[in-house]
S.K.: 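The structure's right below; bear with me while I get my questions together.
Just so it is clear: chains get the letters A, B, ... in the order the sequence lines come, proteins before strands, and each one is counted from 1.
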Amino acid sequence: MKPSIPKGTRDFSPQEMVRRNYIFDTIKQVFQLYGFLPIETPAMENMETLMGKYGEEGDRLIFKILNSGDYLEKSKIQSPKFEELDYKKFTSEISEKALRYDLTVPFARYVVQHQNEITFPFKRYQIQPVWRADRPQKGRYREFYQCDADVIGSNSLVNEVELVQIMDEVFRRLNIPVIIKFNNRKILNGIVELAGISLDKINFILEAIDEFDKINRDIALDKLIDKGFNEEQINKLKNILYQLMDDVHPNMDDLTENVFIKALDKIFYQKSEIGSKGVIEINEINKVLKLLFGNRIHMMSGLISKEPSQSYNINVKQEDRIYLHNDISLARGLNYYTGSIFEVKVDKSRCKSEFTSSICGGGRYDDLTGIFGLPNVSGVGISFGADRIYDVLNELNLFPESVSASTKLLFVTFGETEQNYCLPLLAKVRKAGINSEIYPDAKAKMKKQMSYADDKKIPFVAIVGSDEMNNGLLSLKNMTSGEQTKATIDTIIETLK
RNA sequence: GUGGCUGUAGUUCAGUUUGGUUAGAGCAUCGGUUUGUGGUACCGAGUGUCGUGGGUUCGAGUCCCAUCAGCCACCCCA
């Protein structure tokens, strides 16, 4: 049998794991810096916990786990003709568990289940794999890690601002230039409402908006006729959207006077309550961001990202800027989002990346716990895609050199006597906190031992033969420079510390 | 769920157009040059049901059909 692993899954070798841990550690440190504490939940959840939370598409992509035992025997479905079988019904008969699809829904379940032990607002982070039965492709895996931070039990928009800070901080530490986009579901709902379109058709509108940068916007919107929209609805949409695209420009001198936001406000004023509410929210977030970051903010706004314009203070160095985009076309995120929505993308204008998928996303969900029996608890969170971040860091060559070396010192010996002499010394080195090891096969040739050090990128080798044992001076070789000196074990410890 | 591309050694690929004896190369691995010195150099070695099944043919890695797997794009998403 030829060994292999399922499509869309990967093995991680030591070098990759060291690098992955660098990402996890960076994210974890920032989460903790902002007061989030870790939890973990099981890889599998009950089927009904997951089903119906991610939309129709999501349900299809959930990995189902087959019941153990003779499920045909246990199934209550009685001898239906094969053609008449409803696969959904049948699935629920033979499968009661599924692999988690994201970390947010299991978290909501956790919160409801442990509500009496939890102090609200509850800030948790969670770094675990999730599974999706999607067709794998570039940047898309069937098993991948999400790194989530959520605040539940607080309506304050300060949470949103803190999450923006976290996104900025994480990517700043990782040296990835990004644009943080945010929008509000209520604004989208408002636009749809004003056009007299029912909410469940919102996805068609968003698809059309998405096409604006590919094809003529008139054509994109006129195509909506085929989806069952009437001319009046389409004209209203055009009216609203074109106004937002053509008449406004961001004004960063005073974010609270953001012309784009004002235009939105005017559109919704006394016409759409939900839309107005969305504008108030996004404006409030902008205001607090302005308070925190001042003229470091480089704000873009509009339907599709326009030229950055002079909307930032030229005295602020590029690396200090935080690139934000009030992107009204942003609708990403799962079905359960009700307010703010976030998405982070690599800023291709500041690096040569080919990566177009989002590397972080999130939003506010007002009633996810309600489904599990705890209503009126609002939560907001973000999720970093560790695997995609890995791909970006790899592509841009941004992994620090030091993360690939872990062992600092290797003892090379010529036989059992030397090995026995070294073992206590090795223990001493380790006690000093220096990662070190000894080549286990005492009779191995020197070349073999040296190659081992070389392969593992171990920077120092202590060579011990009879000379060294006699006078207590070990030969310490610097593997990078090739230099070799004689030193006592204590001096070596001091050098490597 | 829809569409496109690709399956040959551990790995990356050549060979397929135009069927012809024993299927090649780089890298990696292992051994040696060198029994106290790695990363360089030189020498040597091993490895393949040519994805699988069937068909055409005197003859198939090569042509035809089916099937499986992988990659990429759409949809959607981290």
S.K.: Taking the minimum atom-to-atom distance to the side chain of Gln137(A), which one of rA73(B), rC71(B), rC76(B) wins?
M.R.: rA73(B)

S.K.: Please state whether the base of rU37(B) and the side chain of Gln484(A) form at least one donor-acceptor pair under 3.5 Å?
M.R.: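 Such a pair exists between side chain and base.
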
S.K.: Which part of the nucleic acid, if any, lies within contact of Tyr452(A), taking any heavy atom under 4.0 Å across all strands shown: a base, the sugar-phosphate backbone alone, or nothing?
M.R.: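 Nothing, no heavy atom under 4.0 Å.
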
S.K.: Look at the side chain of Met450(A) and decide which nucleotide, out of rU37(B), rG1(B), rC77(B), has an atom nearest to it.
M.R.: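 Among rU37(B), rG1(B), rC77(B), the one nearest the side chain of Met450(A) is rU37(B).
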
S.K.: Assign Cys147(A) to base, sugar-phosphate, or nothing according to its heavy-atom contacts below 4.0 angstrom with the strands shown.
M.R.: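 Contact class for Cys147(A): none.
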
S.K.: Taking atom C1' in both rU2(B) and rG20(B), compute the distance separating them and give it to the nearest angstrom.
M.R.: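 To the nearest whole Å, 43 Å.
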
S.K.: Classify the side chain of Asp454(A) and the base of rG38(B) as holding, or not holding, a donor-acceptor pair under 3.5 Å.
M.R.: yes

S.K.: Please tell me which of the listed nucleotides, rA78(B), rU37(B), rA73(B), lies nearest to the side chain of Lys138(A)?
M.R.: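 It is rA73(B).
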
S.K.: For the side chain of Phe414(A), counting heavy atoms from C-beta on, which of rU37(B), rA78(B), rG36(B) is nearest?
M.R.: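 Of rU37(B), rA78(B), rG36(B), rG36(B) is nearest to the side chain of Phe414(A).
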
S.K.: Could you please name the option among rC75(B), rG38(B), rA78(B) that lies closest to any side-chain atom of Phe144(A)?
M.R.: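 Among the listed nucleotides, the one closest to the side chain of Phe144(A) is rA78(B).
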
S.K.: Between atom NZ in Lys345(A) and atom P in rA78(B), what is the gap in whole Å?
M.R.: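 Distance check: Lys345(A) NZ to rA78(B) P gives 12 Å.
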
S.K.: Of the nucleotides rG32(B), rA78(B), rU2(B), which has the atom closest to the Lys445(A) side chain?
M.R.: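 Output: rG32(B).
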
